[in-house]
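Okay, so here's the structure we're looking at.
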2 protein chains.
Amino acid sequence: MEIKCAHCDMKSPAAGKLSLQETEKLSGNCLTVKFKKGDSIIKQGTYSTNVVYLRRGHVKIHIEGPYRVQVVRIVRSPSYLGLPTTFGDKVNHYSVSAIGECEVCFIDITTFRMLLTTNSDFSYQILIELCKGELELYNKCVNRTQKQIRGKLADMLIDFADNIFKTESFNLNITQEDIGNLVDASRESVSRVLTEFAKDGIIEIKSKRITIRDRQMLNNISRNG
Amino acid sequence: MEIKCAHCDMKSPAAGKLSLQETEKLSGNCLTVKFKKGDSIIKQGTYSTNVVYLRRGHVKIHIEGPYRVQVVRIVRSPSYLGLPTTFGDKVNHYSVSAIGECEVCFIDITTFRMLLTTNSDFSYQILIELCKGELELYNKCVNRTQKQIRGKLADMLIDFADNIFKTESFNLNITQEDIGNLVDASRESVSRVLTEFAKDGIIEIKSKRITIRDRQMLNNISRNG
DNA sequence: CTATTATTGTGATTTGAATCACATTTGTTA
DNA sequence: TAACAAATGTGATTCAAATCACAATAATAG
């Protein structure tokens with residue numbers, strides 16, 4: 001089950017900057033684990049003892065809010081998970097759960113920190129990844145609070161098609177309740193709007209599979225809704 | 001007007017890690033500028049050509065949203081501004097404006113990047129600052145979307161007292177419209193709730209000066225509102 | 001110091017979406 | 001595959017907050 005980092009076909013841009021020797025060091029302090037749908041990978045409130053790298057699969061990042069769970073975002077591999085926690089605070093500020101089969105590498109935090117200090121190209125890449133994540137978060141935040149449900153759902157569908165699944169037809173592995181918690185709407189409203197979209201021929205729903213039929217219209221709704 | 005970084009009394013934790021030689025290098029590539037209330041320090045959509053360090057004063061970070069301006073947060077010195085932009089994308093994703101007298105250092109980006117690569121303690125501190133910022137953003141995001149107006153305003157007042165002004169009595173230099181854009185509420189609702197708080201003796205309002213009178217109550221509202 | 005503009009206060013009305021309540025469908029497991 | 005649990009669909013009702021419409025105060029410039 002062990003995958004040598006040197007031969008990893010899912011290397012992060014940062015890991016690509018490591019020397020052979022450093023990659024060996026990483027390999028020796030890295031554990032690859034598989035997760036099934038629904039499994040918890042990082043749990044909010046627990047101590048963060050590893051850097052987590054999502055090698056394969058999709059996960060959701062969620063926070064226990066004051067009234068309900070907030071799904072912050074859906075992340076696809078490859079991506080580091082919980083970097084802000086690892087370095088910003090010892091305790092995990094959010095949970096991460098698999099929304100399908102996943103493969104995750106747990107990297108020893110001391111090793112990771114060592115690599116950061118010895119290899120500045122590596123740390124620069126990590127810095128860049130962090131920055132990009134934060135910018136994305138800013139935009140998500142603004143959209144979530146300003147648009148109304150139709151617009152937010154359109155945004156979500158576009159994001160799924162363009163960034164998460166990279167295809168116009170994808171298998172939603174999350175419930176409508178999750179979607180509601182992602183776009184800040186109630187489960188019922190999500191259901192209503194999604195069926196409305198289907199009636200208008202904008203999307204097609206076959207149980208959990210959603211296909212985008214009228215991308216133009218979806219863009220419109222995202223912009224004006 | 002030039003302040004030598006070596007003798008700067010407002011050095012960032014990161015800059016504290018620099019050697020004398022490196023600090024000299026920083027000094028030579030750093031320009032200190034004063035801003036007045038309302039002045040624009042960083043403008044969304046323009047190219048980011050400098051790392052910006054807020055040496056003294058308060059600023060607001062705001063984004064042009066689809067329907068209105070979103071005030072993302074209020075930041076007090078000392079703090080780097082726009083780091084995510086500098087490294088995540090060349091174009092500024094948000095604007096920064098002074099909400100009072102400010103002193104800001106513009107640091108040449110090439111110099112800054114050089115320091116990142118040559119001094120790993122420095123880059124580690126920057127990394128940590130980024131991580132903390134992102135975690136804070138997560139929490140802000142969740143609160144903003146889940147609590148209702150009373151709770152959000154209570155949160156804001158507590159944040160101002162504890163983190164921004166560090167006193168129970170502070171001079172709000174922003175309009176109620178700004179407050180609305182910060183907590184995601186209309187200007188009218190902000191006015192209503194603020195006067196309601198004042199009537200209930202929770203706060204005291206004297207033109208722009210707010211004094212927190214019943215901290216316990218404010219905490220309650222933040223928790224249950 | 002007056003004129004003009006920006007900001008704040010407050011009632012009446014409207015509205016988008018939450019909540020409630022239940023039916024229906026889909027999925028799971030014993 | 002029957003039986004139960006989880007997820008979804010849909011109408012009726014409620015509600016928090018936005019919007020509208022002005023009045024009343026600051027604040028600022030000429």
Side-chain angles (χ1 to χ4, degrees), chain A residues 36-39 60 65-71 97 99-100 143-156 171-200 203-210 221 224-225, chain B residues 36-39 60 65-71 97 99-100 143-156 171-200 203-210 221 224-225:
Chain A
K36 289 194 313 292
K37 178 183 171 180
D39 287 349
K60 64 174 176 186
Y67 296 106
R68 57 174 177 81
V69 170
Q70 169 90 49
V71 177
S97 307
I99 61 174
N143 279 338
R144 237 201 300 253
T145 51
Q146 288 194 24
K147 290 187 179 177
Q148 49 200 81
I149 297 189
R150 250 158 285 267
K152 292 192 285 189
L153 273 175
D155 277 357
M156 187 201 70
N171 218 314
L172 242 310
N173 252 323
I174 54 176
T175 67
Q176 293 191 351
E177 174 136 31
D178 273 331
I179 296 177
N181 290 333
L182 178 62
V183 302
D184 287 303
S186 71
R187 192 220 98 214
E188 292 93 327
S189 298
V190 170
S191 171
R192 269 185 262 266
V193 174
L194 242 35
T195 51
E196 183 198 311
F197 280 2
K199 261 181 205 139
D200 296 349
I203 59 171
E204 195 183 310
I205 306 176
K206 265 195 187 129
S207 93
K208 289 274 188 201
R209 174 161 289 271
I210 287 187
I221 296 172
N224 309 108
Chain B
K36 290 195 310 294
K37 178 182 173 183
D39 285 351
K60 64 174 176 185
Y67 296 106
R68 57 174 176 81
V69 169
Q70 170 89 49
V71 177
S97 308
I99 61 174
N143 278 338
R144 239 203 298 255
T145 51
Q146 287 194 25
K147 290 188 178 176
Q148 49 200 80
I149 298 189
R150 250 157 284 268
K152 292 191 285 189
L153 273 175
D155 276 357
M156 186 201 71
N171 217 314
L172 241 311
N173 251 323
I174 55 176
T175 67
Q176 293 190 352
E177 175 138 30
D178 273 331
I179 296 178
N181 290 334
L182 177 62
V183 302
D184 287 302
S186 71
R187 191 219 99 214
E188 293 93 326
S189 299
V190 171
S191 171
R192 269 184 263 266
V193 174
L194 242 34
T195 51
E196 183 198 312
F197 281 2
K199 261 179 205 141
D200 297 350
I203 58 172
E204 195 183 309
I205 306 176
K206 268 200 185 121
S207 91
K208 289 274 188 197
R209 173 161 291 272
I210 287 187
I221 296 172
N224 310 109

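What you see below is based on every heavy atom in this structure, not just the backbone, and it leaves out hydrogens, waters and symmetry mates. The sequence lines fix the lettering, A, B, ..., with proteins before strands; numbering per chain opens at 1.
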Using whole Å, report how far [atom1] of [X] lies from [atom2] of [N].
| X | N | atom1 | atom2 | answer |
| --- | --- | --- | --- | --- |
| B:Ile210 | C:dT8 | CD1 | C1' | 13 Å |
| B:Leu172 | C:dA6 | CG | C1' | 16 Å |
| B:Glu177 | C:dT5 | CD | P | 18 Å |
| A:Asp184 | C:dT19 | CG | P | 12 Å |
| B:Lys37 | C:dA6 | NZ | C1' | 11 Å |

Contact check, residues 143-152 of chain A vs DNA chain D, heavy-atom distance under 4.0 Å, returns none
Mind running a 4.0 Å heavy-atom check of residues 187-194 of chain A against DNA chain D and sending the residues that fall below it, in number order?
A:Arg187, A:Glu188, A:Ser191, A:Arg192
Report the residue (A:Ala185 or A:Ser207) whose heavy-atom-nearest nucleotide on DNA chain C is the more 5′ of the two.
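Of the two residues, A:Ala185 wins.
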Could you tell me if the side chain of A:Ile149 sits less than 4.5 Å from the side chain of A:Val183, heavy atoms only?
no
Please examine the side chains of A:Arg209 and A:Asn171, heavy atoms only from C-beta on, and report whether any two atoms are closer than 4.5 Å.
yes
Check: [Y] main-chain N/O paired with [X] side-chain donor or acceptor under 3.5 Å:
| X | Y | result |
| --- | --- | --- |
| A:Gln176 | A:Val190 | no |
| B:Arg144 | B:Leu182 | yes |
| A:Lys152 | A:Asp184 | yes |
| A:Glu204 | A:Ile210 | no |
| B:Asn173 | B:Ile99 | yes |

[X] versus [Y], closest heavy-atom pair with distance:
| X | Y | value |
| --- | --- | --- |
| B:Gln146 | A:Tyr67 | OE1-N, 3.2 Å |
| B:Ser97 | B:Gly38 | CB-O, 4.4 Å |
| A:Phe197 | A:Leu153 | CE2-CB, 4.3 Å |

In A:Ile174, A:Asn181, A:Ile179, the residue satisfying side chain to side chain contact (heavy atoms under 4.5 Å, CB included) with A:Glu177 is A:Asn181
At 4.0 Å (heavy atoms only), tell me whether A:Ser186 reaches a base, stays on the sugar-phosphate, or touches nothing.
base
First and last nucleotide of DNA chain D touching chain A, 5' to 3', heavy-atom cut-off 4.0 Å?
D:dA7 to D:dA12
